[in-house]
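Working notes, structure below.
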Amino acid sequence: MAKGQRQAKTRGKKTKNILNYPRSGVHGWTRFLPSIRLLVVGGLSIVILLCVLFSIGYATTDVPEPNQEATGQTSTIYYNDGKTPIGQYKVEDRKSIRIDEISEPMQKAAVAAEDTSFYENRGISIKGLSRAVVGVATNQYAGGGSTITQQYVKNFYLTNEHSFDRKVKEMFISLKIDQQQSKDDILANYLNTIYLGRRSYGIEVASQNYFDKSAKDLDVSESALLAAMIQRPGAADPSDNPEVYQDRFDYVVKSMVDEGFITEEQAAKIEMPKVEKQNKESSLSGQKGYMWDFVRREALRKLDITEAQLDRGGYNITTTFDEDRMKQAEKAIKNLPSDQPEGLQTGLVSIDPDNGGIEAFYGGKNYLDQAFNASTQSHVQAGSTFKPFALVAGLENGVRLTDTYPGTSPTTLNNDGTPWELSNFGNTSYGPVTLLKATQSSINTAYAALNVQVGPDKTVDVAQRAGLSGNCTDKEMESGDTGGCSIGLTPNPSNVLGTPSVKPIDMASAYATFAANGVHHDTHSIEKVTQGADDTEVYKGETKGKRVFDKAVGAETSFALQQVINGGSGSYAQQLGRPAAGKTGTTNNNTAAWFSGYTPNLATSVVLYREVDGKQMSIGSYGGRGEVTGGSFPVQVWTEYMQDALQGTKVEQFPERGELPDKPKPKNTNAPAAPKPEPKAPEPEAPSGSDGGDGSDEKAPVDEPSEKPKDDEDKGKDKDKDADGKDDSKDDGKDSKDSKDGREDNGSSKDGDGGSKNGDTGDTGGSDNGNGSDTGGSDNGNGSDTGGGEDGSGSDTGGGENGDGDPVGVVSPGG
């Protein structure tokens, strides 16, 4: 090749490789290292490209019109008809003010809290934007880092959407706003648009609501608190829980010192200011306020929006509340005797078992006087209403209603090798009883033995599957944040006697699961949410249930709980006139009384409890009764409400019993000894004082339904009649038979009808040695299952020394 040709070829190569990459004249891997020329050209190219993009973005991004939230459209909540309004969530009167109408301490506190570089930056924070971009890209956006200008732009022009596009728009608009407005104007506009709780938009409205003064009169401590609330305005009301903002308050004060706004000496004297109590609207009086507050909390949670968005978003919220049933619940509770002791509270929650929707509740007499909702926020010991959870646990693990358990009182049980002594309510003894009889008469000793047999952990598991919230953690207990948990829901043997404290709404949810034959639906109050003029649906309540119990277990549970009404402590509910099941409950020291019951189409829990100065105490004598029990006022309120609520609805039957799960039965270490048959009798007689069970797995006693209860006014006229209006001398122990399974439920012992003179009562018959009848009264005051003794002590069978019992009649305290 000629020299000229080689040179031409070389020149051609050099001309094409402008960046000299890979580097010519360098050998090995180092030839791939970028040259200085490449670095300079590449860097300049990136800078130029970014400048071009920035210029295009800045030029094409216009300052938009204020967003929908800034214009403040009212959100409205409706009853389940979707037409009748309950209340509104709306923006309070917004009063925009100039910067000279905002106190200097408030201006400085806002800068110290939210943007210490406010007077130096050009509207954006590069550091904050970088953190936001990384957060959005990694789906771990945590907020923060925005300047005051950016926050103003977001609140007034954009949304809270966590996206890269929104952050870019926010940046360009902030730059333009910083060019168009002075720092004082930006700060004033920012303070006029922030949300500070109590539906307060803007610093002037907030100042009036929290301190009853104009924003121009705010001092340093008041300004520091309001600045501290900017980050979390809905966390708490500072008049009730100022400690929630204490850390942020201290941060703002320290930041004001660091920025030279105040001296350390001044800071040392600053304390959390006194805050005025909130003035509530009269439109929230009565039960409307409780619905307003409950739906608000659920909407914030389900829609994942802020309070500001809810109050300004123009949402239309259709609830599950039925207007008629709300009125019927209030009416039933208002019909209680008027001589109520101080602090007496009544809760009622009614749930549709087909979908979990709350049809009605009763929060208290007046939301404006007591914002605390007795039905959804209180924790009350469950008493014997907890026993069905152990019943389900037993049925799931091979136990049958015909199995026998100790009914003698007192009884010492074998609790995994540890002696456990306990008694029945009124110390009533029954002898060996079947699980069915123990359910009907709420026998503590039998259910305690059942709980030991199947395991308290299984009872807790059933309770939670049914609908009770999980046990509160130590942290929740220490902070007092127990709204989403139960107190004392632990796997200990005594939990079956109702030691856990639960919310009435959770208990209603659990019994709704029983009503749905083992299908649990999440309890909710919002049916659907729409938004805008065209009512675009943005949320629909979850109504799909989850099966948590076997169908046969659910049917067997309902069969057993029907006996509580057909001939047990809930006999008053027979007045409902349709199939119903339920359980009474009376707690230790008579601090609370329950009735939780259901038909196949509606589940309702009613509780009466007394609380004074934050401490629950005995209800005591009330309404002419020595003590209030589950079989008295709670079941009366339940029955009256359910009669009205179900009027005109179809009468539905409970599902028929089926084959239960075939599982190995845990050993019952407390099973009573089988009674010996009497040799001369043609048929084996059940021992006196028992419920007629023979200790086998073939037969279970069922008491026939008693006569319908009479009015209360008739109860006190005749001491020989029990509190339900049933003649104590009548024997309710007739035989009954289940037609489907061929299960035969034998009647109670026929040893006698009268009460014993020695005072201890049994299930059915009286005897000279002190085993009295189930329905008779005893001369010495230890009463019957439904009646009262002459000395005023009677029992249904509940708690005794453990405080659990459900007597229907008037009884003396201490049962």
Side-chain angles (χ1 to χ4, degrees), residues 69-70 89 91-92 106 108-116 118 125 128 131-132 135 140-148 150-156 158-162 190-207 209-211 215 218 220-256 270-278 293 296-313 371 475-476 478-484:
E69 292 179 354
Y89 306 125
V91 179
E92 289 194 7
M106 185 65 240
K108 292 179 176 178
V111 171
E114 297 298 314
D115 184 9
T116 56
F118 173 70
S125 168
R131 185 163 63 248
Q140 294 181 342
Y141 181 76
S146 297
T147 64
I148 282 178
Q150 288 175 268
Q151 292 183 55
Y152 162 55
V153 167
K154 181 186 68 175
N155 291 339
F156 199 68
L158 302 174
T159 68
N160 284 319
E161 177 188 7
H162 299 158
Y190 168 71
L191 291 174
N192 282 327
T193 56
I194 57 174
Y195 177 69
L196 289 167
R198 291 190 182 179
R199 291 178 291 151
S200 304
Y201 294 90
I203 193 63
E204 177 65 17
V205 175
S207 180
N209 284 341
Y210 288 105
F211 302 111
L218 291 170
V220 176
S221 65
E222 293 163 344
S223 299
L225 176 58
L226 291 176
M229 294 173 61
I230 293 175
Q231 198 176 73
R232 298 170 60 213
D237 191 299
S239 66
D240 298 325
N241 304 105
E243 67 276 4
V244 173
Y245 296 106
Q246 187 66 57
D247 289 343
R248 185 67 177 173
F249 176 85
D250 294 338
Y251 167 82
V252 174
V253 173
K254 182 179 182 302
S255 182
M256 292 180 75
I270 296 176
E271 297 179 350
M272 184 77 73
K274 179 181 178 182
V275 180
E276 298 290 333
K277 289 291 185 181
Q278 182 176 4
D293 182 69
R296 183 179 184 83
R297 294 168 188 265
E298 185 172 326
L300 294 174
R301 187 173 65 254
K302 297 295 186 181
L303 298 179
D304 191 24
I305 57 177
T306 65
E307 288 193 284
Q309 289 173 298
L310 178 60
D311 290 341
R312 300 183 295 184
K475 183 178 180 181
E476 288 171 327
E478 290 172 4
S479 66
D481 184 18
T482 57

Quick one: do Tyr190 and Asp115 satisfy side chain to side chain contact (heavy atoms under 4.5 Å, CB included)? Show the steps, please.
-> CA-CA 12 Å; Tyr190 168 71; Asp115 184 9; over 6 Å; no
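The shortest non-hydrogen separation linking Ala215 to Glu204 is N-OE1, 3.0 Å. Nearest heavy atoms, Ser207 versus Leu218: OG-CD2, 3.3 Å. Ala109 and Ser223 make their closest contact through CB-O, 3.7 Å (heavy atoms, listed as atom of the first residue, atom of the second, distance). For the pair Met272 and Leu225, the tightest heavy-atom approach, listed with the atom from each and the gap, is SD-CD1, 3.6 Å. Contact record, Ala236 with Val244: CB-CG2, 3.7 Å, taken as the closest heavy-atom pair. What you find for Tyr201 and Glu307 is that their closest heavy atoms are OH-O, 3.8 Å.
Contacts of Glu114 classified as salt bridge (Lys or Arg N to Asp or Glu O under 4.0 Å), with partners at least two apart in sequence or in another chain: Arg248. Listed by chain and number, the residues in a side-chain contact (heavy atoms from CB on, under 4.5 Å) with Asp293 are Arg297, Tyr367 (sequence neighbours excluded). With sequence neighbours excluded, the residues forming a side-chain contact (heavy atoms from CB on, under 4.5 Å) with Asp481 are Ser479, listed by chain and number. Considering only residues two or more places apart in sequence or on other chains, Arg232 meets the salt bridge (Lys or Arg N to Asp or Glu O under 4.0 Å) condition with none of them. Applying the salt bridge (Lys or Arg N to Asp or Glu O under 4.0 Å) criterion to Glu298, with sequence neighbours excluded, gives no partner residue. Asp240 meets the salt bridge (Lys or Arg N to Asp or Glu O under 4.0 Å) test with Lys277; sequence neighbours excluded.
Separating the CD1 atom in Ile148 from the CD1 atom in Ile230 is a distance of 7.5 Å, to the nearest 0.5 Å. For the atom pair CG of Leu191 and OH of Tyr152, the computed distance is 11.5 Å after rounding to the nearest 0.5 Å. Taking CD of Gln246 as the start and CD of Glu271 as the end, the distance is 9.5 Å to the nearest 0.5 Å. In this structure, Tyr210 OH and Met229 CE are separated by 3.5 Å, a value rounded to the nearest 0.5 Å.
Side-chain atoms of Tyr245 never come within 3.5 Å of backbone atoms of Leu226 as a donor-acceptor pair (strictly under, hydrogens ignored).
Counting heavy atoms from C-beta outward, Leu196 and Asn209 have side chains that stay 4.5 Å or more apart. No side-chain heavy atom of Tyr251 sits under 4.5 Å from any side-chain heavy atom of Asp247. Contact annotation: the side chain of Leu300 approaches that of Ile305 to within less than 4.5 Å [non-hydrogen atoms, C-beta and beyond]. Ser146 has its side chain out of reach of Lys154: every pair of non-hydrogen atoms, C-beta onward, lies at least 4.5 Å apart.
We find that Arg198 and Asp311 are not joined by a salt bridge, their nearest charged nitrogen and carboxylate oxygen being 4.0 Å or further apart.
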